[in-house]
Chemist: 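Just dropping this structure here.
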Amino acid sequence: MFMMTRRTLLGTTLAATAFGLAGKLELTRPAFAETSVEPTVGFYKYKVGDIEVTAIYDGIWRKPHDPAFIKDVSVEDTKAALAKAGLTTDFMPIPLTVIVLKMNGRLIMMDAGSGVGQWQTNATHLPANMAAAGIDYKTIDTIMISHFHPDHVWGLMEKGTDAPVFPNAELIVNATEYNWWTDPSRLAKLPEGRKPAGKRIAENFPKWKNWKLVNDGAEVAPGIQIIAAPGHTSGHSVYLANSGKEQLMISADTMYVPALLAPHPEWQGSYDQDGPMAITTRHKLIDRVIADNIRISGSHFPFPGTGVFVKDGNAYGFTPVQI
């Protein structure tokens, strides 16, 4: 039987308040009420101060269960965490949402998506959903990149030709991330599984003249600050958008799949370059989000990729926004 806990009650109340809703949001999913794998809508708009945020669904990786996915954690334990969050246990569901900010007369895209089937065969929805949301990708002024993993940057390149999709947009990235991947000696040092991606990045990104390399703490656009969030990659970064008294943290892969990492922030993913550092970063940023009442989006949160975290001892509770 599903029991309403103080944590879930608090979470839903905070989420409703955070997103300007009069009533409570739907509760964190009970174990027996499995949520649909795919969302029923392709985009969702909400406001943060004067910023118009459009969340756009790209697709989902139906990742087969892998005992190496989380270090020293069994498949049975990851399945239990998914079930507790009301998610399917048939596979590891890793959805991908990209957000576009309309602020100060500019369209700012946060990461570039996975490139229409270049990451996963069923992650192909970004262009159509962006168009349905009324956004012409050719009018994007700036793309702010969190890190260089394929699901975040393959959307910068055409499949087959590697031609740039956004040749006239400003591309902002942490200099640490850019320099790490484009270091001429990097390719030989990468694990075999990472070498194809490393080769593609090294062969193409340095040719482009629209990169703007920035450092931790820089104001990268009026009202947006980049914050270094290392661990997932060496230059992994989040962005903090401000409007009046409201803030939105675009957290990228800091909390990855919250069904796993909110109740178990100490878990180390095989996808993290530096697991212990990723854990430290995770606690630092989520604690800040909670303490400062900052709204948060995550690339792999359930669509529309946003929700509310609360403290739960040394871990967290997460209530996704449901639409």
Side-chain angles (χ1 to χ4, degrees), residues 15-16 18-22 25 36-60 95-120 122-146 151-159 163-172 210 220-224 238-244 246-252 295-307 320-323:
F19 288 89
L21 303 177
L25 291 169
S36 298
V37 172
E38 301 275 1
T40 57
V41 297
F43 69 90
Y44 178 73
K45 293 179 182 285
Y46 57 97
K47 297 278 285 189
V48 176
D50 292 331
I51 306 170
E52 180 184 271
V53 183
T54 303
I56 306 166
Y57 183 65
D58 192 354
I60 189 168
L96 179 61
T97 296
V98 175
I99 68 170
V100 175
L101 309 180
K102 186 177 182 180
M103 59 185 298
N104 301 322
R106 297 174 62 85
L107 281 177
I108 301 172
M109 191 172 175
M110 311 307 292
D111 284 329
S114 62
V116 191
Q118 298 184 61
W119 173 56
Q120 299 298 319
N122 58 349
T124 60
H125 306 297
L126 184 62
N129 286 336
M130 182 179 288
I135 299 172
D136 180 351
Y137 76 94
K138 295 178 182 177
T139 65
I140 295 291
D141 297 292
T142 299
I143 303 174
M144 298 186 180
I145 301 296
S146 63
D151 48 327
H152 298 259
V153 294
W154 274 186
L156 294 173
M157 294 182 280
E158 297 283 1
K159 186 176 182 179
V165 175
F166 302 95
N168 299 315
E170 178 185 47
L171 306 178
I172 291 177
N210 49 336
V220 293
I224 302 182
V238 304
Y239 293 88
L240 185 63
N242 296 270
S243 178
E246 297 190 44
Q247 296 179 302
L248 173 68
M249 181 175 288
I250 299 95
S251 68
R295 300 183 189 186
I296 186 169
S297 70
S299 301
H300 303 293
F301 294 3
F303 189 77
T306 187
V321 165
Q322 298 189 48
I323 55 178

Chemist: To the nearest 0.5 Å, what is the distance between NZ (K47) and CZ (R295)?
Modeler: 10.5 Å
Chemist: Considering non-hydrogen atoms only, spot the tightest contact between A241 and I51 and give its length.
Modeler: CB-CD1, 3.9 Å
Chemist: Hey, could you give me the CD/CD1 distance between E52 and I99, rounded to the nearest 0.5 Å?
Modeler: 12.0 Å
Chemist: Could you check whether atom CG of D50 has more than 12 heavy atoms from other residues, nucleotides or ligands sitting under 6.0 Å from it?
Modeler: no
Chemist: What is the minimum heavy-atom distance between Y44 and V321, and which atoms define it?
Modeler: OH-CG1, 4.4 Å
Chemist: Is there a donor-acceptor contact under 3.5 Å from the side chain of D141 to the main chain of L107?
Modeler: yes
Chemist: With distance as the sole test, does S299 use its side chain to make a donor-acceptor pair with the main-chain N or O of T97 at under 3.5 Å?
Modeler: no
Chemist: For M157 and V165, work out which heavy atoms get closest and say how close.
Modeler: C-CG2, 3.7 Å
Chemist: Can you tell me how far the CG atom of D58 sits from the OG1 atom of T124, to the nearest 0.5 Å?
Modeler: 7.5 Å
Chemist: Before giving the answer on side-chain contact (heavy atoms from CB on, under 4.5 Å), spell out for D151 and H300 the whole-Å C-alpha distance, their side-chain angles and the decisive distance to 0.1 Å.
Modeler: CA-CA 10 Å; D151 48 327; H300 303 293; 3.0 Å; yes
Chemist: So does S297 get a backbone contact from the side chain of S251, meaning a donor-acceptor N/O pair under 3.5 Å?
Modeler: yes
Chemist: Stepwise, does the side-chain contact (heavy atoms from CB on, under 4.5 Å) test hold for T306 with Y46?
Modeler: CA-CA 10 Å; T306 187; Y46 57 97; 4.0 Å; yes
Chemist: Sorted by first residue and then second, give each side-chain hydrogen bond (donor to acceptor under 3.5 Å, both in side chains) pair with at least one member in residues 100-109; sequence neighbours left out.
Modeler: R106-T142
Chemist: Just verifying a value: how many Å separate S146 OG and I250 CD1, rounded to the nearest 0.5 Å?
Modeler: 10.5 Å
Chemist: Does D111 use its side chain to pair, donor to acceptor, with the backbone of A252 at less than 3.5 Å?
Modeler: no
Chemist: Would you check, one step at a time, whether the test side-chain contact (heavy atoms from CB on, under 4.5 Å) holds for I143 with I145?
Modeler: CA-CA 6 Å; I143 303 174; I145 301 296; 3.7 Å; yes
Chemist: How close do P95 and Y57 get, counting heavy atoms only, and between which atoms?
Modeler: CB-CE1, 4.3 Å
Chemist: Within the distance-only criterion (no hydrogens, no angle test), does the side chain of N210 pair as donor or acceptor with the backbone N or O of A169 below 3.5 angstrom?
Modeler: yes
Chemist: Do V116 and K159 pass the side-chain contact (heavy atoms from CB on, under 4.5 Å) test, and can you show the C-alpha distance, the side-chain angles, and the key distance before you say yes or no?
Modeler: CA-CA 8 Å; V116 191; K159 186 176 182 179; over 6 Å; no
Chemist: How long is the gap from CG on L248 to CD1 on I224, to the nearest 0.5 Å?
Modeler: 9.0 Å
Chemist: With side chains defined as the heavy atoms from C-beta onward, is the minimum distance between L96 and W119 less than 4.5 Å?
Modeler: yes
Chemist: Could you measure the distance from the CG atom of L156 to the CD atom of Q118? Nearest 0.5 Å is fine.
Modeler: 10.0 Å
Chemist: For the residue pair Y239 and I172, what are the closest heavy atoms and their distance?
Modeler: OH-O, 3.6 Å
Chemist: Is the Y137 ring parallel, tilted or perpendicular to the F166 ring (thresholds 30°, 60°)?
Modeler: perpendicular
Chemist: Provide the closest heavy-atom pair for Q247 versus N242 in the form atom of the first, atom of the second, distance.
Modeler: NE2-OD1, 2.6 Å
